**Student:** 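I am attaching a structure below and will ask some questions about it afterwards.
Since we're looking at a predicted model, the values are computed, not measured. Order of the sequence lines sets the chain letters (A, B, ...), proteins ahead of strands, with each chain counted from 1.
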2 protein chains.
Amino acid sequence: MTNSTSPLSPRKTPRQARSKATVHAILEAAARILETQGADAVTTNAVADRAGVSVGSLYQYFPSKEAIFAELIRQMRAQMRDDIFRAMDFVVGKSLSFAMARLVRAVIHHHVHRAHRADALEHLEAQLPPDPDSLTMMSQTRARLALCLTQHKVPQPEQAAGDILNLIIGMAHPALHGGETDFDSLARRIDPAVLGYLGRM
Amino acid sequence: MTNSTSPLSPRKTPRQARSKATVHAILEAAARILETQGADAVTTNAVADRAGVSVGSLYQYFPSKEAIFAELIRQMRAQMRDDIFRAMDFVVGKSLSFAMARLVRAVIHHHVHRAHRADALEHLEAQLPPDPDSLTMMSQTRARLALCLTQHKVPQPEQAAGDILNLIIGMAHPALHGGETDFDSLARRIDPAVLGYLGRM
DNA sequence: CCAAAATGTGAGCAATAGCTCATGTTCGAC
DNA sequence: GTCGAACATGAGCTATTGCTCACATTTTGG
C-alpha cells in the first residue's frame, strides 16, 4: 500500500511485523541522534546505521529525511494532545482553577518526559514546511481546552485557549530546559499567571 | 587585528570603511536569505552572492557559516537588551503595573519589528553551541528587570524576572507569528497574566 | 609616490550529503 | 512446496557544501 504523495508523509505502510519493527527502529534512531548530537548529525546514513538497517530500507518507508522528522513531530503532537485530553476529561465539573492547575501540570509532565527530544523537534518544526496533520492535532488540543473554558463562561474561549497554552508552554519550556528540577515550584508559579490571565485571582 | 580563536567569533575586525560595508552586506544577505528561504538555503556561496562579494571575502571576516549566525543572534540579543533597558529606565518611580505594561509593549514591539528574522534566529540558536556573549546579554536583560522588581519589593526578583520574560515572550511570539495584528489587544491580554504572576491583580 | 598592509576575487578541491537501483532474502496465501 | 509480494541490502552516483589559496586590487602612512 502506497501513501499520499505529500513530501512529508510516509512512503509505504509496513504490513508485516518485521517492517513495523524497522520503521520503529528508524524513528527511534533518528530521535536519539537528534537528542544526543544535534540536527546536523541526523544524516540518512547515520540513522540507518544506528537503526541497524540499510539506507535502502529507510527509503522504502520515508521519502526523505524530512519525512522522518515530520513523523516524529506528529508523534509528539499526538501525545501532547492525548495528555491534555486526559487532563481535561478528568476535570469536567471541577472548578476552573482546579482545571487550570491540572492543565499546567499536564504540560509540565509532558515536557519533563523527553525534554530534550521535544525541544529539538520543536525547533526543527519551524524549519519544515507546515504539516497538515500536526496542525490538526494542535487545533484539536486547543479546541478541547476551549470547550472546558466555555463551560466556565470564559469569554472568547478559542483565543483564550491559544493564549493559555502559549503562556504555560512559554513559561515551562525554558525553565525546564534551563535545568529547573522543582516541578512543583514551577507549577505553582505558573498557576497564578493563568488565573490572572482569566481574571479569576 | 585578529580576534579570539572561538569558533563563533569573527575572524578579523574590519579597519577600513570598505570592509565594514562588506561585513554589513554579508550579515544582511544572510539574514534575508534566512528569512525568505529558510536556514538550509543559507549557504556560504549564496550569502556571498547575495551580498555582492566573493566567498573569499566572507571567510576573511567569518571563520564559518555558524559564526555569521552567531553574529546575527548577538545583534538581536543586544537590541532586545537595549529596548528593555530603555523601557525600564523610562519607568523608574512609576507603579509596578505601569512598569510591566511598558515591558509587555517593549517586547511586543521588539518582536513585531523583524518577526520573521527573530523567529528564525531563535530556532537556529538552539542548534548552535552556546555563545557566551549572547548569554551575557540575556543575563543583563534579566538583571535589569530584576532590579526594577526589587524596587517594588517583589520576592525572588531574579527568578521572577526570568519567569516574566518567558511569559511575555511565550505569549507574544506565537501570537504574532500566527498572524495577529492587533498589538494592543495582545498586550491587554498579556498584562493581567503578568500581574497575576506577581499576585498584584 | 611607493611599499606594505588591508581588502577583494573566484576557480576549484575535498568531503559529505541524500538518494537510487540491481540484487538478494523472507514471508504468507494457496 | 511454490510463487508472487513484501522486505532488506549497500555500493556507489550525483549534487552540493564549506572552505582554501594563489593572485589581483585598493588604501594608507610616511
**Student:** Just the rounded figure in Å: distance from P of D/dT17 to CD of B/E66.
**Tutor:**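 Atom-to-atom, B/E66 to D/dT17, this comes out as 14 Å.
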
**Student:** Would you please test A/R117 and A/E28 for salt bridge (charged side-chain N to carboxylate O under 4.0 Å, His left out) and show each step?
**Tutor:** CA-CA 11 Å; A/R117 177 178 305 193; A/E28 207 50 43; 2.9 Å; yes

**Student:** Applying a 4.0 Å non-hydrogen cut-off, can you work out what B/V42 is touching in the nucleic acid: base, sugar-phosphate, or nothing?
**Tutor:**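 Sugar-phosphate contact only.
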
**Student:** Extract from the structure each pairing of a protein N or O with an N or O of nucleotides 21-29 of chain D at less than 3.5 Å, listing the distance.
**Tutor:**
none

**Student:** Is any side-chain heavy atom of B/L165 closer than 4.5 Å to one of B/I84?
**Tutor:**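 A side-chain contact under 4.5 Å exists here.
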
**Student:** Side chains of A/D119 and A/H173: is there a donor and an acceptor less than 3.5 Å apart?
**Tutor:** yes

**Student:** Round to the nearest Å and state the distance from B/D49 atom CG to D/dG18 atom P.
**Tutor:** 13 Å

**Student:** Would you mind telling me which of C/dG18, C/dT7, C/dG12 lies closest to the side-chain atoms of B/R15?
**Tutor:** C/dT7

**Student:** Heavy-atom distance under 4.5 Å between the side chains of B/L149 and B/L96, does that happen here?
**Tutor:** yes

**Student:** Just the rounded figure in Å: distance from P of C/dT20 to CG of A/N45.
**Tutor:** 13 Å

**Student:** Side chain of B/S54, heavy atoms from C-beta onward: which of D/dC19, C/dG18, C/dG8 has the nearest atom to it?
**Tutor:**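 So the nucleotide nearest the side chain must be C/dG8.
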
**Student:** Taking the side chain as every heavy atom from C-beta outward, state whether A/L186 and A/L176 have any atom pair closer than 4.5 Å.
**Tutor:** yes

**Student:** So, are A/R189 and A/E180 salt-bridged, with charged N and O less than 4.0 Å apart?
**Tutor:** yes

**Student:** Is it the case that more than 12 heavy atoms not belonging to A/R32 sit under 6.0 Å from its CZ atom?
**Tutor:**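 Atom CZ in A/R32 is not crowded, with 12 or fewer foreign heavy atoms closer than 6.0 Å.
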
**Student:** Is the number of heavy atoms from other residues, nucleotides or ligands under 6.0 Å of A/R200 CZ greater than 12?
**Tutor:**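 Yes, the 6.0 Å shell around CZ holds more than 12 heavy atoms from other groups.
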
**Student:** Residues of residues 19-37 of chain A with any non-hydrogen atom less than 4.0 angstrom from an atom of DNA chain C: list those, numerically ordered, please.
**Tutor:**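 Residues of residues 19-37 of chain A that come under 4.0 Å of DNA chain C do not exist, since none gets that close.
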
**Student:** Determine whether more than 12 heavy atoms belonging to other residues, nucleotides or ligands lie under 6.0 Å from atom CG of B/D40.
**Tutor:**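 Counting neighbours around CG of B/D40, 12 or fewer heavy atoms of other residues, nucleotides or ligands fall under 6.0 Å, so no.
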
**Student:** Under 4.0 Å between any heavy atoms, over every strand shown, what does B/Y61 touch: base, sugar-phosphate, or nothing? Just pick one.
**Tutor:**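 The answer is sugar-phosphate, as B/Y61 gets under 4.0 Å only of primed atoms, P, OP1 or OP2.
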
**Student:** Of all the nucleotides listed (C/dT9, D/dT17, C/dG18), which has the minimum atom distance to the side chain of A/T43?
**Tutor:** C/dG18

**Student:** Round to the nearest Å and state the distance from A/L58 atom CG to C/dG18 atom P.
**Tutor:**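 Taking atom P of C/dG18 as the reference, CG of A/L58 is at 10 Å.
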
